[in-house]
Amino acid sequence: MITMEKPSASLWRKIKPRYNLSGNICKNCSTAYFPPRIVCRKCGRNSKMESMTFSGNGEIISFTEIRVPPDTFRDEAPYTVGVVKLDEGPLVEGHILENGIKIDIGTKVKAAFRKMYVDGEEGPIYYHYKFEPV
Amino acid sequence: MLMAGIVGYGAYIPIYRIKVEEIAKIWSEDAEAIKHGLGIIEKSVPGRDEDAATIAVEAARRAIKHSGINSGAIGAIYVGSESHPYAVKPTATVVKEAIQANDRMMAADLEFACKAGTAGIQMAMGLVDSGIIKYGMAAGSDTSQGRPGDALEYTASAGGAAFIIGKEKAETIADIIKTVSFTTDTPDFWRREGASFPTHSGRFTGEPGYFRHVTSATKMLLEDTGFKPSDFSYAVFHQPNGKFPRNVAKMLGFTEEQIAPGLMTPIIGNTYSGSSIIGLAATLDVAKPGDRILLTSFGSGAGSDSFAIEVTENIDAKRAKLVKVRDIADAHKKYIDYSTYLKNRNTIKKR
Ligand SMILES: [Zn+2]
């Protein structure tokens, strides 16, 4: 589940991955990670991590319609969340936009840029990738 | 002669549409009379998760793709809007991060009612021509609001475009030969801090506002360049509705054919800061090398920026990476009713 934290310096560091699906790849074994990992799960101390921005293209491998949402997304229901397998390999959770294309397992998607959450009347606006069926 | 030109561009229009009939029904107004009077059949509406920043980002990403340049080489980003998501906190920084531009970068938000996008193009041109930066990006993006029941409710819509300005001869798809502006203090339309909806001086603001400024700027441009209306293949005038640009074109001696490709308001509404530059993008979509395009924006308050643009040989080669405006306007279009419209626009008060 995508969660939203209160604004803080640690949150600012998440802006890049949230805006652009930037993760990293282990140059030793070519495994890509999102979110980025400090150490490759397979290579351990032999990891050679390099940052990498994913294309945002992928396909849906599972999805579900949310009718009873958490408080954060109370006004947005119903909406669809899913797991997308990016072309580069990593599995990524995300909201799936409704654009008239009927979705199913295997439906191709691309990353779009949207508002995820607005913190009340006075708090910050959180922007995030969402997936758009193509 | 200026050296700066357009290296790439992109547009974005939300998928939601509301028809004039649907709005007219709520206020017991005559839809046919409104459609005829405003020259508009429907308008775009932002999704609940869209605002001027997300629209600017989507347009900017398309512009980067079309230009073929590395976003790290962009030296300045200006985002024009009258609906910046924050009162204090720039939209331009969101765009900068979302296109992965370099931290070494100039950025600012602009506001000049419907002409902040063209003001950004002029600022980027100055920086590029002077050699201070290599490329500059200017975006105009809005999710403008009309007060429920007001005439503006039929036209105020959402959309945007982004242009990348550079001066490498091998890269520009269109050169900007000349730009000139006409500016006066004319309070024809405004929105005070904290107000949800704009206020306008009524239906008689057209003459001293739109028509005076658009004709003055355009005439200055024609005089400065020595061009006649017939020297242009196309013309784009700001489009607060479908009627004004047609009337002003006629007044200035331009034909219906010259303005047709860029006239987008009848099917998407007035996208404010996006309006004239979405029109320019739609015109560039069909233009050929050697074509001249005249562009004149208008922003209430008030001013007009006029441009003489000449399309280069490079335009055809870059078309493969282009998403055309009319394709964007047609893709996944989804009609909504008035209550969904209110929910999308966050007009419903919960407490
Ligand atoms: Zn590894």
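Sequence lines set the chain letters: A, B, ... in the order given, protein chains first and strands last, and positions in each chain run from 1. A quick note: this is a predicted structure, and the numbers were derived from the prediction, not measured.
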Exercise for the section: Look at B:K89, B:R61, B:K334 and state which one has the largest set of heavy-atom pairs under 4.5 Å with chain A. Expected result: B:R61
Problem - Part of A:Y127 lying under 4.5 Å from any heavy atom of chain B - result: side chain
Handout entry: Point-to-point distance, once rounded to the nearest 0.5 Å, from CG of B:D49 to CD of A:E76
Key = 7.5 Å
Handout entry: Engaged part of B:K343 at the chain A interface, taking heavy atoms whose separation is under 4.5 Å
Key = side chain
Fill in the blank from the handout: Note: A:N20 and B:A98 closest approach over all heavy atoms is OD1-O, 2.8 Å
Problem - Close side-chain approach of A:E98 and B:H332, heavy atoms under 4.5 Å - result: no
Practice task
Can you establish whether the number of heavy atoms outside A:I105 located under 6.0 Å from its atom CD1 is more than 12?
Solution key: yes
Exercise for the section: Could you tell me which of B:D51, B:I99, B:I55 has the largest number of non-hydrogen atom pairs under 4.5 Å with chain A? Expected result: B:D51
Exercise for the section: List the atom of A:K16, the atom of B:E97, and the distance in Å for their closest heavy-atom pair. Expected result: NZ-OE2, 2.7 Å
Practice task
Check the surroundings of atom NZ in B:K65: do more than 12 heavy atoms from other residues, nucleotides or ligands lie under 6.0 Å from it?
Solution key: no
Handout entry: Those residues that, when tested against B:T340, pass side-chain hydrogen bond (donor to acceptor under 3.5 Å, both in side chains) (two or more places apart)
Key = B:D337
Problem - Any side-chain heavy-atom pair of A:L97 and B:I15 under 4.5 Å - result: no
Exercise for the section: Taking the side chain as every heavy atom from C-beta outward, state whether A:F113 and B:V94 have any pair of such atoms under 4.5 Å apart. Expected result: yes
Handout entry: Between CG on residue A:D75 and CZ on residue B:R48, distance to nearest 0.5 Å
Key = 5.0 Å
